[in-house]
Structures are given as C-alpha cells and as structure tokens.
2 protein chains.
Amino acid sequence: MSYVAYANGPIGGGQTTGNGQGSNSVNLRLFNERVILNALRRLGAASKADLSRTVSLTSNTAGIIVKELEERGLIRSEGKRSGARGQPATLLSLNPEGAYSIGVKVGRRSVDTVLVDFCGHVVERRHHERDFPMPEESLALALGDIADMQGGLPAGGRDRLVGIGVAAPYNMGSWRRELDIRFDAYTVWNDVDIAAQLGAATGLPVFRENDGTAAAVAEMFQGCGRELENFVYLFIGSAIGGGLVMNGQYYRGITGNAGDIGLMPVGPSRLASAPRPTHSCDILLTRASINSLIRHLRANGVEVALRSELEQAIPLHPALVAEWLDDAANALVMPLLSAACLLDVEAIVIDADLPMPVRRDLETRLNRYLDEAVPEARRPPPLRLGQIGRHAAALGAAILPLHLNYSPSREILVNQ
Amino acid sequence: MSYVAYANGPIGGGQTTGNGQGSNSVNLRLFNERVILNALRRLGAASKADLSRTVSLTSNTAGIIVKELEERGLIRSEGKRSGARGQPATLLSLNPEGAYSIGVKVGRRSVDTVLVDFCGHVVERRHHERDFPMPEESLALALGDIADMQGGLPAGGRDRLVGIGVAAPYNMGSWRRELDIRFDAYTVWNDVDIAAQLGAATGLPVFRENDGTAAAVAEMFQGCGRELENFVYLFIGSAIGGGLVMNGQYYRGITGNAGDIGLMPVGPSRLASAPRPTHSCDILLTRASINSLIRHLRANGVEVALRSELEQAIPLHPALVAEWLDDAANALVMPLLSAACLLDVEAIVIDADLPMPVRRDLETRLNRYLDEAVPEARRPPPLRLGQIGRHAAALGAAILPLHLNYSPSREILVNQ
C-alpha cells in the first residue's frame, strides 16, 4: 500500500486548511510534543528545564512529553552538563536513529538520491548524470538507490523510514524550445507521476514538491533559514526554480507552484545564441539557466552535454561565461525587483549548480544592475548566496517527510 | 493613553510570531471563542447545534462559550427557526451593537472616514476631496469626522468603540516626479506618523496598514474573499497599491509593505504625456494610476484636479481615456504575470476609483495583453473586478480593529 501525500504543514496547498475550525486538547498535546522536538532540533542539546523555558510550557507538561518521546526512541539522554552549580542536569537531544527519510530529485540532467537521519544529517548520497533521461531510466536509477539505502540501514531502521520526498520540476516536458530539448518524446514527462510510481514500487509514503520549493526547504532548515524567516529563494540549475519562505514556513500556492521564478516574464536575451522570443515577453528560464550557458558555449564551438563537462569547460572559456553571466544577471533584475516589491522579505537567496567563483561573479553583477534599475525605490533586500549548493533539491526532498511528520505546524492545532 | 498597534493577526509583520512556542488551555479557550464569533459572521444566523457542528466543537464546549458571549453582548438571540421538526431552535447572530470601529483613509487626493458596527456594516461614511493636502489638513478632517461619529453612537456605544484603523500610502511624500507632485513641501508626509497622531488625539487604540493592504482586507472580508482564499489584489487610485491574501489571511511582509505593486518595475510609457524614466526601468505607478490619467488629460488640454472633475471629464474624452487605458493595461502585464508565477493564486482582483465602464474596459484590454505575452505558460489566474470600489481602503481600515480583536488567528493559539 502506498499513498502520495501533498505537503500539509506549510502555508497553502489547496488541501483543507481547517480555517474556521475550533481546537481541542488532543491537538494541543500533539502540537506541544512537536514543539519540543523542534526546539531540540534547533538547540542541539538541552536540559529539561531549558527546554520548558524555551517553548513556554510548564516543567510538568514538558516532563511528561519528554518521557514519552524518550520511550518512543525519538530523543535520548546525552549525559550531564558540567560546570553549572547544584545537581548537573541531564542533556537531551534528538536521537539520530529515531527516524530516517529518503529524498529523490529527478531533474533534466541528473537523478540524485539522499538518505538523512532524524537530525537531518546526510547518511548517504548518490548522483547520476544523464542528458535528458526518459522517465523509465530516472525511475530505475532512483529505485536502485532507494533499495541500496534501505538495505544499508541499521537493524530496525527500515521500520523507522518515514517516507520518500520527491522533488521534480513542474511540467518537466515543457518549454523545450526555451531549453533546447530537441526530441518530441520528452513531453511524456508531463504525463508521468514519478512520485506516485516511487510510492507504488516501494510501498512507502511519498511527499512531493517542485524542485525549486524543495531546494528552498533545504535552505530553510539547514542554510540561510537558520537566520532568516522571510526570503525569496532561487536556484539556477538546468533551468531555474524558486521557492518562498514566509514567517519561517514555506509557501506552496494553490497548486504547489509558488515561487515559479523560471516562468516570470523578461525581455529578450542580448545573446545571439538565444532563441528569439515568439511572444511579447520571454521567460526567465530561457536566459538565466545552466541550459542557456551550455547553449551559449555550444553556439561558440564548445560542446558540453554533462554537468561534469561543463565544470571543466567553465575555466577554459572565461569570456563566453562572462557574456552569459551578464545576460543572466540582466534577466534577473526585473523578476527580483518584482518579487521584492510583492513580498517585502529580509533577503533574496540565490544558489546555483555552478562553481563558487561563477556564483560570486553573478552576485556582483546582479547587485550592480539592481542598483541601476529603478528610481527612488526602497533598496531591494540584500542578496545572499545559498549555503546548500547543488544538492539542495534532493536534501530538501529528504527533509519533507521528517518535517511533515514531526514539525509543529499550526495546522495540527486545529480540528480537521 | 494611546498606542499604535501593528496588525498581529495576519501572516508576517516583523512582530514576535511565537514560532517555536508551545500552547495551553487558556489560548485554546480564547481561540475557540473567536472561532464561534467568526462562524456567526459567515453564517449570519445559526442555532447552537449548527454552530458546534460547523466549527467542530462539542456542543458542551460551544454552549459554554455562547452563553458567555451573550452575556458580554457580542452575540444575541434572533428568535426561533420555524419549519424544522421537533422543538424549534433559537437562532444566534452577532449583535451589531456589540462593538464599533472607525476607519480612516488618508490619501493624496482625499480623506475618507467610515464607522462600522460589529457586523462590519457601514453606519456612517464621510468623504473629503482635496488636491494633495498637507498632513495638518488631513489630520483635522479625520479628527472632525471621528468626533462626529463618536457623538452619534447610541448610549454605551462609545465604550465599545474598539479602535481606529488607519490606511495611508507608504512613503506618501515620495515618487513626486512619477506622480507630478510639484511642491517640495509634500515630502513632509514621509516624516509624519498620522496613525500615531490620531491615536494621541483620540486616546483610542490605532491599527495601521498601507492603503493597498487595507483595501485588500475589505475585499477579503466583504468582497471576493467570500469565495477566494488566495488572491493578488490591486487598487488603482491616485497611485496604485496592492495586497496579498493567502490561505484566507492577508500577508504583511516584514515591514508591512507586501503587495507594493506600485513600485514594481516596468518598461517606459508609450504616452508622450509621461515623464521619461531616469533609470533602466520605470515603476508601475508612473503608468497605471489615476494620476497618469489626469496627466494625460492635462497634456492634451483637459485640466482636472479633483476626483469629481475627473468623473465628469471621462465621458467627454473617450479617445484620451482609451489611450491611457491601453498604456496602463500594457504596463500591468509584466507585474501581473510576475505575481501569478510567484504566488500561484486563484485570481487577480482589480479594483479602481474609476467608473465601472472604465474598469471593464481595462479588464478587457488586460486579458488580451496577458494572452499575448508569454510562450507556453500556464494561463495566468483569472482577473476579477473588485466588489468594494472607491471606499475599499477606508472600509478595510475600519475592519482592522475588529479583525485583530475578534478573529481566530492561529497566532493566539501559541504562547507569546
């Protein structure tokens, strides 16, 4: 038996939100349990007294919850804290072996799988490069990884695998002209529900988000999100994706496609290598994507298919890379200013599957063009480089099942 | 004594959000009380049994809460429902006299004041037209209205006036070039805290939002928001403002400026009447605002200062109005497509302080240009005309104090 669960913790999502419903003491208990787990996730280790203070619960309430979570193997004692006066306090922390989760990122040029423990630490990671693989091939790669990872879990760990998170671009078979995907058969991706297929084949609960939102989830839990509660996130991969984090939660939108920065309208590219737009506007993914870099290299006689080849080509062709960077930075100006006006966030976080010097060069150019863009506007929020890098979407996918099973979403407070 | 309270019910706002805090039974009781009030606000009238079913509370819990709310005068019995079998049930509804609230909208061309009862119905409304009034004049007009409205309340009603909501453009003294505000002294508006002054002068709690967000709040409670939980809202007034409604809540952003559609980047106007942009982009308020219509009329020999004069001029100069409409619709395309990609909403709601035929014409042109804009994009969400019209910001301002005192925000469930 398997099912595909849509994310139900974050803001939005088209599912029942319980707006208008009352609450009761059962919800309250579940919520407080997750509040304690969440606090330990942030604090790393804490005494029972610290915990109850941090989460504003009475020590009695906190104590009862801690005892039960210990019995369920989700938290553990870490020994005593030394140095304090009086009786040394027992330190509690999450038990890394309390639960496991697998994330799968299915992309246009790669399949990535990652196994994380209850603390969100990566236990194992697999990466497969392919040039526009078809669904059967991607599915087979992911299933192979999942079987290996399950097999490698410690005794009893298989039962504590809470699910599979799946990150994939929305409508992966579309925008073939803008992304130079030359074969018609690739449109089949638009009809494939890879998450459902993974669920059916493994019997595990499956949780899915588009790749941009999944990457934003990784950044929220393990990157800039440790300091920022409100940011627009974008990731330049084969195409370009994004996600929105508001008030410490990620925002899905009504169809799970919020933050779809790749389809934002832009003017035409200044590069001769780019396809001419067929409409009054072009879309951002035509210009600010690794695909557009590969296209620009190819148009200038540098053939590159796999990501590893691109990594080798970049330092050899600095002038071509700079031309692309300049066009990509220009393309990003209006979308990012628009996002800043609409969302009033603390920062814009940019990550990319590109070497760090290229990311920094993009950041520098973009800051310059943002400054030049509009009259007397409030300054756009600062740019920050993402802290996760190329594996962000796979890691975010792996975090989803843990988040949705163990985070103190306000939703669970309300009767459903 | 007075204080200025920022909205603390909606998503975001820079205030403590209680993320990470536990909950307790006191919060639970307050939340359920407001859930009942909220259900009555939506249902109009309901029996105790209907109510408890609607909000998923036990009839015992609901009964205790209803009794107390009746004693506090917030709800009342409406007589019996006839036609049902068995004992006819007593119908409950909100008591309109249970509370009152005043909204003030301070704008570049008007001051509007509105008094609403606990049901959100307008009891009284005042409208003053001025051409770019200075702060002292606007303050005096608002205070005069407030004193009159307080004086007109029924016996005991003054004590149940829960506060004043204030809606004003953010940085009203800025963008003078784009809005043709020719005198330097107008910048003083950027340093004036009109909400704090109203609070100090009246001794009432003050709640403020920018004018776009306040208008979105009105639309959310009394317009399209009765059918839609997720929409981008924009209002074409003297300039242009906006607001975001997500999951049935309005979103403020970290400084209360989310939905600031007027500053979104656009290309230059096609009208000779418009000022040439000084930077690589212009901003939307230069092109899609009543000010730009007045400017276009003036450049063609039609002098208009007050709104009432504009209303008379519009039917007399259809060609000029059409030229402006076409440019405004063109200007709106990229901001609206951008918002749709980022926010994945059910609809885009457009309202304007313009006669209905002009609004409809704008909608028609905009739909055409949106269709022509981008390749193979998912269709943007449908356009809807706003249902509130010119007084939206003042009405939304009046709703704020009621909303923040009586709505079941999830925030109040969590220990602060």
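A note on names: the letters A, B, ... follow the listed sequences, proteins ahead of strands, and every chain is numbered from 1.
The aromatic rings of A/Phe235 and A/Tyr233 sit parallel, their planes meeting at an angle under 30°, below the 60° perpendicular limit. Using a 30° and 60° split on the angle between ring planes, A/His403 and A/Tyr250 fall in the tilted class, from 30° to 60°.
Chain A forms the most heavy-atom pairs under 4.5 Å with one residue out of B/Val55, B/Thr286, B/Val232, B/Thr58, and that residue is B/Val55. Heavy-atom pairs under 4.5 Å with chain B peak, among A/Thr61, A/Leu343, A/Asn27, at A/Leu343. Considering only heavy-atom pairs separated by less than 4.5 Å from chain A, the leading option among B/Pro277, B/Ser25, B/Gly267, B/Ala373 is B/Ala373. When A/Leu28, A/Leu57, A/Val333 are compared by the number of non-hydrogen pairs under 4.5 Å with chain B, A/Leu28 comes out ahead. Most heavy-atom pairs under 4.5 Å with chain A, from the set B/Glu346, B/Met264, B/Glu33: that is B/Met264.
Residue-environment remark: CZ (B/Arg270) stays at or below the threshold of 12 foreign heavy atoms within 6.0 Å.
Contacts of B/Leu244 with chain A are made by side-chain atoms alone, with heavy-atom separations under 4.5 Å and no backbone atom involved. Contacts of B/Thr278 with chain A are made by side-chain atoms alone, with heavy-atom separations under 4.5 Å and no backbone atom involved. B/Asn32 touches chain A through its side chain: at least one heavy atom from C-beta onward sits under 4.5 Å away, while N, CA, C and O do not. In this structure, no portion of B/Ala39 lies under 4.5 Å from any heavy atom of chain A.
Side-chain contact between B/Val35 and B/Ile65 is absent, with no heavy-atom pair separated by less than 4.5 Å. Residues B/Ile254 and A/Val345 fail the side-chain proximity criterion, which asks for heavy atoms closer than 4.5 Å. Residues B/Leu263 and B/Trp175 form a side-chain contact, since some pair of their non-hydrogen atoms from C-beta on lies under 4.5 Å apart. Contact annotation: the side chain of B/Arg287 never approaches that of B/Ile240 to less than 4.5 Å [non-hydrogen atoms, C-beta and beyond].
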